[in-house]
Each structure stands twice: as structure tokens, then as C-alpha cells.
Amino acid sequence: MIFVDTEEEFDWTAPFSRAARSVTAISALPEMHRRFVDRGVFPCYLCDYPVVADPGAADTLRSLTADGKSAIGAQLHPWVNPPHVEEPSARLSFGGNLPLGLEAQKLDALTDAITKAFGAAPTAFRAGRYGLGPQTLGLLAARGYRVDTSARAYHDYLAQGGPDYRAIGPDAFRTGPADALIEVPLTTIYTGMLRRAGTQWHRIAAALPRGPGLFARAGLLSRVPLTPEGVSIEEACAAVRQAARDDRRLLTFSFHSPSLVPGHTPYVRDAAGAARFRKWWDVMLDLLDRQGFRPITLSELTRAAG
């Protein structure tokens, strides 16, 4: 399954700003969407507030999801999501760090905006910057969400004030109050000779100067998230082959919508980078077919989980 962080463009190196609300890259989604649909893949577009609030962007997404199989979900970027009460900061860019009442108000504003724009309430959610907090899952369950995809398997954001997912593997599981939610982590696979104790060895490597890179080049350990952003196709293909050998039942891929236009993210800086991005998907989808993986829609995933 492919999840798209469908969001505004902003300078990833600058402080968080409420003024960064442009969504011009949404116009590039239809071409990429056609590529996916031609291969039987129907993405879930996790939309944040600036996207939903922009009439042109909302129109584009309505046209993409008119197939009845692609889906709209929610993504909460606190710094551009009303109500605008807090002073934007790195710590408060993780929505789970907001006061409970404010997190709830922002989630309500986003959910209501999506419901009005698309005629149905969203059932899938991702916290911007993967920023789940201790109360987030309860807020989601109370509002009828069924799927959370905020956890990034084997990653942590503690140094930035965010959550720690190092103990979370790539497999989906029940979570939240009364197990009301399905957690669908962003798939990350360990490859290399030390992969069976990957989290332990990755912590050791991370404590060494340039340790992760040295471990990867030596064939000892690579931590590979399934995304074309910052991950070579060779690394990603090795991870998918390993996932198939390990009998992983669900693989989730992800990218940010601004990466479809050069210059908006660190991952696609120019036309050559954009060509590599699209080629990455061609190679990956061919491999998935050969490995026996088939696409699944959000609704199919929800039904399969019961």
C-alpha cells in the first residue's frame, strides 16, 4: 500500500512557519496517480489542512479519488492547522506534544474540513512528523478513525522532542482504546548480516562516527525504509526481497507530495532527481509483481483486519 503525505511546500531547513501554505505541487499528483493506477495501485492521500483548505487542491484530489478505490486520509501539521494558539516550534511540530485540548481542537478542525471537502469523514490518520502522543490514539478512536499510520518502524525522534518507535516493527497490529485502531507502521526492513538483532546493532552503529554508513558499506546492517526519498532503488529492492523471505504480509510505502516537483524537498532537487524518483517506482512495482505482492486499498485493508 502507498501512503502519500499530501501537504504544503515549506523550507525543510527553516523554522516552522504558519506562512508556508503553498500547495502548488498538488498539480503534479494526477500524472503520478495515473502511473500508480495503471499498475493497479490505489494510494491513500493523507491530506493536511492547507491542502484541504485550498479549493484547487481539493478539486484535484476529488478527481483522483473518484475511482472509488483511492482514499483520502488526514495528516496533522500543527503549525499550519487551526486553531493557531501555540507558538510554532520544533517540539510542538509533533502534535502529540500539544496540550490535550489543543490537539483535540486541531484534529477536529482537520477532520471537519476533510469531511466537508470530500463528503465523508476520513478513517486513516498520520501525525505530521510521525508525532504521536500519549493521548492521540484515544482522540482518533473517539472520532471514528480506524487506521493510524504514524509509527515509523525502527526509528526514533527523541533528539527532536518526538516519539521513539525503535521497538515497533513493520507488522500491523491492534492498538488504542479497546484495540479500536489498526496501527500500520511505515515499513522499514533491516538487511545485512546483523539484521536479526537490527535494532540493537543500529543503536551501536548510531553511537559511532559515521557508524550507520560504515555498517551498511560493510554489508553488516542497513536500516531501509520503503520510500524513494533518500533510499536508493538498490537498497529498497534488497529490503523487499528480504521482506519476502521473511514472509512479511504487508508492505507500506510513503512519500511527500512536494517531492513530485523539483526543489520542494531535499530528495528531489532538479529534473534529474525527478526522473530518478519516477524510475524508482517503475523498478519497485516490477519487483513487487515478481515477488508475489499485490496492491491493497485502504478499504480492503480495513475489512481484512475485521
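- Listed by chain and number, the hydrophobic cluster partners of Val184 are Met1, Phe3, Leu46, Val147, Ile182, Leu250, Ile296, Leu298, Leu301, where partners are ILVMFWY side chains within reach of under 4.5 Å, directly or through others.
- At a threshold of 4.5 Å between non-hydrogen side-chain atoms, the residues Thr265 and Phe255 do not count as touching.
- Less than 6.0 angstrom separates the ring centroid of Tyr154 from the ring centroid of Tyr190.
- When only modelled atom types and interatomic distance are considered, His33 and Tyr45 share a side-chain donor-acceptor pair under 3.5 Å.
- You'll find the ring centres of Tyr267 and Trp12 inside the 6.0 Å limit.
- Judged by a 6.0 Å distance limit and a 45° cone about the ring axis, Arg152 is not positioned over the six-membered ring of Tyr165.
- Using cut-offs of 30° and 60° on the angle between ring planes, the pair Trp280 and Phe253 is perpendicular.
- Between Trp281 and Phe277, the ring planes lie perpendicular to each other; the angle is over 60°, past the 30° to 60° tilted range.
- Taking NZ of Lys69 as the start and CG of Leu64 as the end, the distance is 15.5 Å to the nearest 0.5 Å.
- Between Ala25 and Ser257, the shortest heavy-atom distance links the atoms CB-O, 4.1 Å.
- Trp201 and Phe215 have tilted rings, their planes meeting at an angle from 30° to 60° on a 0 to 90° scale.
- Using a 4.5 Å cut-off on side-chain heavy atoms (C-beta onward), Leu61 and Val52 make no contact.
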